[in-house]
Amino acid sequence: AGAKDDTFNVLDLAEYTKNQPWWRKVFAPSSGSSAEKYNVATQLVIGGVTGWCTGFIFQKVGKLAATAVGGGFFLLQIANHTGYIKVDWNLVQRDMNKAKQQLKFHSSGNKMPPEVKSRVDEVIIFLKKNVILTGGFAGGFLLGMAS
């Protein structure tokens, strides 16, 4: 008796984005570097702000991680000293030697896998195309680490 028909409007995103120039500017795929799209001041500001935020977060997370690792090691030493746990130092030494051997084996070849080399090449190309943005990011990162 009280049934109501709901009608829905359908939004075609393809048509919507054609009519929104800001949408295309922000989200449209482009092959060009940021140097072609933004002026020097904008690139420096974007790079600096993102670098500062990244550096600040990196600093805070780094302090937290160092505190957690140091505190955990301290608690393990107290537990070992009071007799709650027993550390098999011979086993630790054997595992450390095994890890050293594996590191020597992997680093002796000095050859990067092709997928790593292609990613490194992509990063280098990006850095060359966006020198100003990268410089702003590096400066902002250092300032963020210092604050």
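Residue I85 holds its CD1 atom at 10.5 Å from CD1 of I78, rounded to the nearest 0.5 Å. To the nearest 0.5 Å, atom CG of residue L76 and atom NE2 of residue H81 are 14.5 Å apart. Separating the CG atom in L133 from the OG1 atom in T42 is a distance of 10.5 Å, to the nearest 0.5 Å.
Under a hydrophobic clustering in which Ile, Leu, Val, Met, Phe, Trp and Tyr are joined whenever their side-chain heavy atoms come within less than 4.5 Å, directly or via other members, M96 and V87 fall into the same cluster. F126 is connected to I46 through a chain of hydrophobic side-chain contacts under 4.5 Å among Ile, Leu, Val, Met, Phe, Trp and Tyr, so both are in one cluster. At a threshold of 4.5 Å between side-chain heavy atoms, the hydrophobic network of Ile, Leu, Val, Met, Phe, Trp and Tyr places V123 and V131 in two separate groups.
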Task: side chain to side chain contact (heavy atoms under 4.5 Å, CB included) assessment of K128 paired with I124 - done: CA-CA 6 Å; K128 286 180 179 178; I124 290 171; 3.8 Å; yes
Task: Intermediate values then yes/no, side chain to side chain contact (heavy atoms under 4.5 Å, CB included), F73 and Q77 - done: CA-CA 6 Å; F73 182 72; Q77 289 296 332; 3.3 Å; yes
Open item on the list: Test side chain to side chain contact (heavy atoms under 4.5 Å, CB included) on K129 and I125; report intermediate values, then the result.
Closed with: CA-CA 6 Å; K129 282 185 177 180; I125 290 169; 4.1 Å; yes
Task: side chain to side chain contact (heavy atoms under 4.5 Å, CB included) between T54 and F137, intermediate numbers included - done: CA-CA 9 Å; T54 304; F137 181 85; 3.7 Å; yes
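At least one donor-acceptor pair under 3.5 Å links the side chain of Q59 to the backbone N or O of S147.
Annotation: side chain of K60 is in contact with side chain of F56 (closest heavy-atom distance under 4.5 Å). Considering only heavy atoms from C-beta on, L44 comes within 4.5 Å of V40 through its side chain.
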